[in-house]
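In this text the structure is predicted, and so the values were computed from the model without any measurement. By convention in this document, chain letters (A, B, ...) are assigned in the order of the sequence lines, proteins followed by strands, and residues within each chain are numbered from 1.
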Number of protein chains: 4
Amino acid sequence: MAAAATTPGQRADMVRNRRLLLDAAAAAFAEHGLEASMGEIAQRAGLAKGTVFRHFPTKEDLLAAITLRLLDQLAGAAGRLLEADDAAAALREFMTNGVEALAADRAFCEVIGRPSLQHSEVRDAIAELCVTVEALTARAREQGAIRGDITGTDIVLLLGGIHQTAAPLLATQPEAWRRYLELTLDGLRTATPSALPHRPPLRPELTDSALT
Amino acid sequence: MAAAATTPGQRADMVRNRRLLLDAAAAAFAEHGLEASMGEIAQRAGLAKGTVFRHFPTKEDLLAAITLRLLDQLAGAAGRLLEADDAAAALREFMTNGVEALAADRAFCEVIGRPSLQHSEVRDAIAELCVTVEALTARAREQGAIRGDITGTDIVLLLGGIHQTAAPLLATQPEAWRRYLELTLDGLRTATPSALPHRPPLRPELTDSALT
Amino acid sequence: MAAAATTPGQRADMVRNRRLLLDAAAAAFAEHGLEASMGEIAQRAGLAKGTVFRHFPTKEDLLAAITLRLLDQLAGAAGRLLEADDAAAALREFMTNGVEALAADRAFCEVIGRPSLQHSEVRDAIAELCVTVEALTARAREQGAIRGDITGTDIVLLLGGIHQTAAPLLATQPEAWRRYLELTLDGLRTATPSALPHRPPLRPELTDSALT
Amino acid sequence: MAAAATTPGQRADMVRNRRLLLDAAAAAFAEHGLEASMGEIAQRAGLAKGTVFRHFPTKEDLLAAITLRLLDQLAGAAGRLLEADDAAAALREFMTNGVEALAADRAFCEVIGRPSLQHSEVRDAIAELCVTVEALTARAREQGAIRGDITGTDIVLLLGGIHQTAAPLLATQPEAWRRYLELTLDGLRTATPSALPHRPPLRPELTDSALT
DNA sequence: GATGAATGAGTGTTCATTCAT
DNA sequence: CATGAATGAACACTCATTCAT
């Protein structure tokens, strides 16, 4: 009844609903891929369809939000690991977390690959993630823990690749990605590196490609 | 009967249409992923919708056909490379061809990963490919060209992973996969291999996972 | 909750639409038989196609709903007539109402006959109707108003038969069914009944036949 | 090779194919109703789809042909029974044959009821059947075997009604129609006929209704 | 004449999105 | 602001019909 009290209450609800929706959407996309319907997401969140659209005017918007959350999570982890002493261990931990996160979020790869992604926030988040991971990678490079020709953007891209390698086994061997992560790490720290036949991708290229 | 063999007639048109359709479907799926509609495929092929369904009674059937074509192509290449003297070079060439082929067929990865794949022909073709690639891999292993803990099924899975790593760059740097292939090869032939933390996938697990 | 009951609002519209749809469907089926398309029904109701499917997720569901409405109407009439003094007049009135109702609902006969009818509600409603009509028939039998070898299920089946007899005349002589109803009633009350060559159908047989 | 010999040979094939098609169509329609597809009919006949359309340019035409065959069969039977001594027995036999034939030809009722039937041949055949049956009925009337207010057209219409009465039981009790035929015959020969409340249908009304 | 491949309008159904309540 | 009914553009798929061989 207190006029002032209602507004914060509603705000609180909106925040709660937004979180419910993001969780529901993540679960739904993880299970059915991008084909998961807005209706199912609403149901999982225990909300009405209209409410979903109030929060995310478009399915693409919801996708962007969920992707941003993952990117933020990864960037946060990378930032925290910058403080670690052992750069090699830090990089390994980042990649472990990263691949694991992808496994829980089947939509992510599909979203990253889709050329129609319009959201500049996502592009910015990807770029930012690449910057932080480059810092992480640079330390490992400087410590001689990994070869010199690998960039942070390489590392970010490799997360998706490792996940994809193990994806066909997800149903029967959900931990198989660990095998391919290790194999990749062996490639990164090889004592006898080949000359890589293609220059490293630049950050803007990654994000632009997500645009074109 | 002899007459029938000499009279290509209608049959020739059908063969041509089938090829038109497979090509159109590959292109459409490459562009829009599995969401590409049967209608668009028909249009791309310059045929009527009904014709698509005469050739492939179901979207799933068309998908299976397109996937089989790719698998056959890979298995054929692998088989031919079994004759080569230099096992390491042969394996490298197989993987090069493989990743290149995947780039042209974006549907492939989505199809391989999809749990509902019902076509036993596809499952059989995957299994067969794994067998041939295992032979190819075994020779490289025996020649000491790659580490001892990598199987043919690993190699097949890695094709998808390498492709995925470079996929976000496809639009701007279509050759970027070469970088990640080389990196992977470095991992495969490392002089100081780590103990891989997960046992190698068995062939049946791969194909079963495509089933479950 | 009290508030919800007093606020017809949206709900009122939905109820109205449901009725519009049932009426439109009845008309469409009456005109074109079961081939009437969901699209046409939507158009007749002045609603969009999607709305039809929101109310009745399947054509079969719509069919079931329309059939249930008719069955309920018949069962209600039969129940009310159980109170009448003159059992013969009551039975006649029931049959009159019944055949008249069928004339307005050409789908009914096709639905009743269709073996794939999955809806247990319809089966239950048929069974229930047969029970009530058996009560009505029993009274007439006991009063000697009709022969002793006729059951309620016979009466229910005869409604469809009488309707069908006059169906080819519907367009030019919409009241012709009265002629065949009277003829049937004469058969039912004949003073010199033949031995009927086939045992009476059991209720479960009727409903099971709609199942098998 | 003899130029003259080919024509009769082809003629013979055409006649054979026509019969194959009519039988296949009758079976298919009996099983699935009018929804039976031209494709299935072709398959059942062991012929190609094109051949069906050479014989019957339209599904409606095939329907008409099949219906004509049934009508001819009934008219033939009625004609033959005109010679019998016992008119009552003859009428009973005609009706028995008639209802039995309908049971084997589920399409017939649907065809008779369908207002869009355009074929004048069918209309003529119905009219002719009514004439012959009227002769049969007249004899029974004159012999006092049935009531005086029943016409041949009534009898023809009753065939469909009796069949429909038992139709819902067809799957579980294929002979149930005998029960309702007997009941109808009791109505026809009742010693105390009611005044039928609607004048008898005229032949042209029947056939016109099939037109409107 | 027989064949069956091609056609394309039509069907039931789904789903992102809008909007009245 | 939340709700869920209404919308209508797709979609996969079917089938009578046409026509090149």
Side-chain angles (χ1 to χ4, degrees), chain A residues 6-7 9-11 13-14 17 35-43 47-62, chain B residues 7-18 35-42 46-62, chain C residues 7-18 35-42 46-62, chain D residues 6-7 9-11 13-14 17 35-43 47-62:
Chain A
T6 35
T7 314
Q10 285 172 359
R11 284 264 166 74
D13 257 31
M14 269 194 67
N17 283 349
E35 300 162 18
S37 81
M38 295 297 267
E40 194 206 328
I41 291 167
Q43 218 171 327
L47 296 170
K49 249 158 50 152
T51 308
V52 184
F53 283 90
R54 169 163 303 279
H55 285 263
F56 306 100
T58 276
K59 192 178 186 178
E60 203 84 2
D61 291 328
L62 174 53
Chain B
T7 317
Q10 219 169 40
R11 239 35 177 290
D13 260 34
M14 236 190 107
V15 169
R16 192 186 57 105
N17 283 347
R18 191 188 153 89
E35 301 162 18
S37 83
M38 295 297 265
E40 194 205 328
I41 291 167
L47 296 169
K49 245 190 326 190
T51 307
V52 185
F53 286 93
R54 159 166 283 275
H55 285 261
F56 307 100
T58 279
K59 192 178 187 179
E60 202 85 359
D61 290 329
L62 174 53
Chain C
T7 317
Q10 220 168 40
R11 241 35 176 294
D13 260 32
M14 234 191 111
V15 168
R16 193 186 57 104
N17 282 347
R18 191 188 154 90
E35 301 161 19
S37 84
M38 296 297 266
E40 194 206 328
I41 291 167
L47 296 169
K49 235 169 12 163
T51 308
V52 185
F53 285 92
R54 159 165 283 276
H55 285 262
F56 307 100
T58 278
K59 192 178 187 179
E60 202 85 359
D61 290 330
L62 174 52
Chain D
T6 34
T7 313
Q10 285 172 1
R11 285 264 166 75
D13 255 33
M14 270 194 68
N17 282 349
E35 300 162 18
S37 81
M38 295 298 266
E40 194 205 328
I41 291 166
Q43 218 170 328
L47 296 170
K49 251 165 35 161
T51 308
V52 184
F53 283 90
R54 170 163 303 277
H55 285 263
F56 307 99
T58 279
K59 192 178 188 180
E60 203 84 2
D61 290 329
L62 174 53

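In this structure, A:Lys49 does not reach the F:dG4 phosphate: none of its side-chain N or O atoms is under 4.0 Å from OP1 or OP2. Note on B:Asn17: every side-chain N or O is 4.0 Å or more away from OP1 and OP2 of E:dA5. For C:Arg54 and F:dA6, the shortest distance from a side-chain N or O to OP1 or OP2 is not below 4.0 Å.
Between A:Asp13 atom CG and F:dC1 atom P there is a gap of 11 Å when expressed in whole angstrom units. Separating the NE2 atom of D:His55 from the C1' atom of F:dA16 is a distance of 17 Å, rounded to the nearest angstrom. Rounding to whole angstrom units, CE of residue C:Met38 and P of F:dA10 are separated by 21 Å. Atom pair A:Glu40:CD and E:dT17:C1' shows a separation of 18 Å (rounding to whole Å applied).
In terms of the side-chain contact (heavy atoms from CB on, under 4.5 Å) criterion, residue partners of A:Thr51 (sequence neighbours excluded) are, by chain and number, A:Asn17, A:Leu47, A:Ala48, A:His55. A:Ser37 meets the side-chain contact (heavy atoms from CB on, under 4.5 Å) test with A:Glu40; sequence neighbours excluded. Under the side-chain contact (heavy atoms from CB on, under 4.5 Å) criterion, B:Lys59 pairs with B:Phe29, B:Met38, not counting sequence neighbours.
You'll find that the side chain of B:Leu47 is closest to E:dT7, out of E:dT7, F:dT17, F:dA5. Distance from the side chain of D:Ala48 is smallest for E:dT3 among the nucleotides E:dT17, F:dT7, E:dT3. Closest to the side chain of D:Thr51, out of E:dG12, E:dT3, E:dT7, is E:dT3. Here the nucleotide nearest the side chain of D:Phe53, chosen from F:dT17, F:dA5, F:dT3, is F:dT17.
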Pairing string of DNA chain E (Watson-Crick or G-U wobble, both atom distances under 3.5 Å; | = paired to other strand) is .||||||||||||||||||||
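Within the nucleic acid shown, C:Ala36 comes within 4.0 Å of sugar-phosphate atoms alone, with no base atom in reach, counting heavy atoms only.
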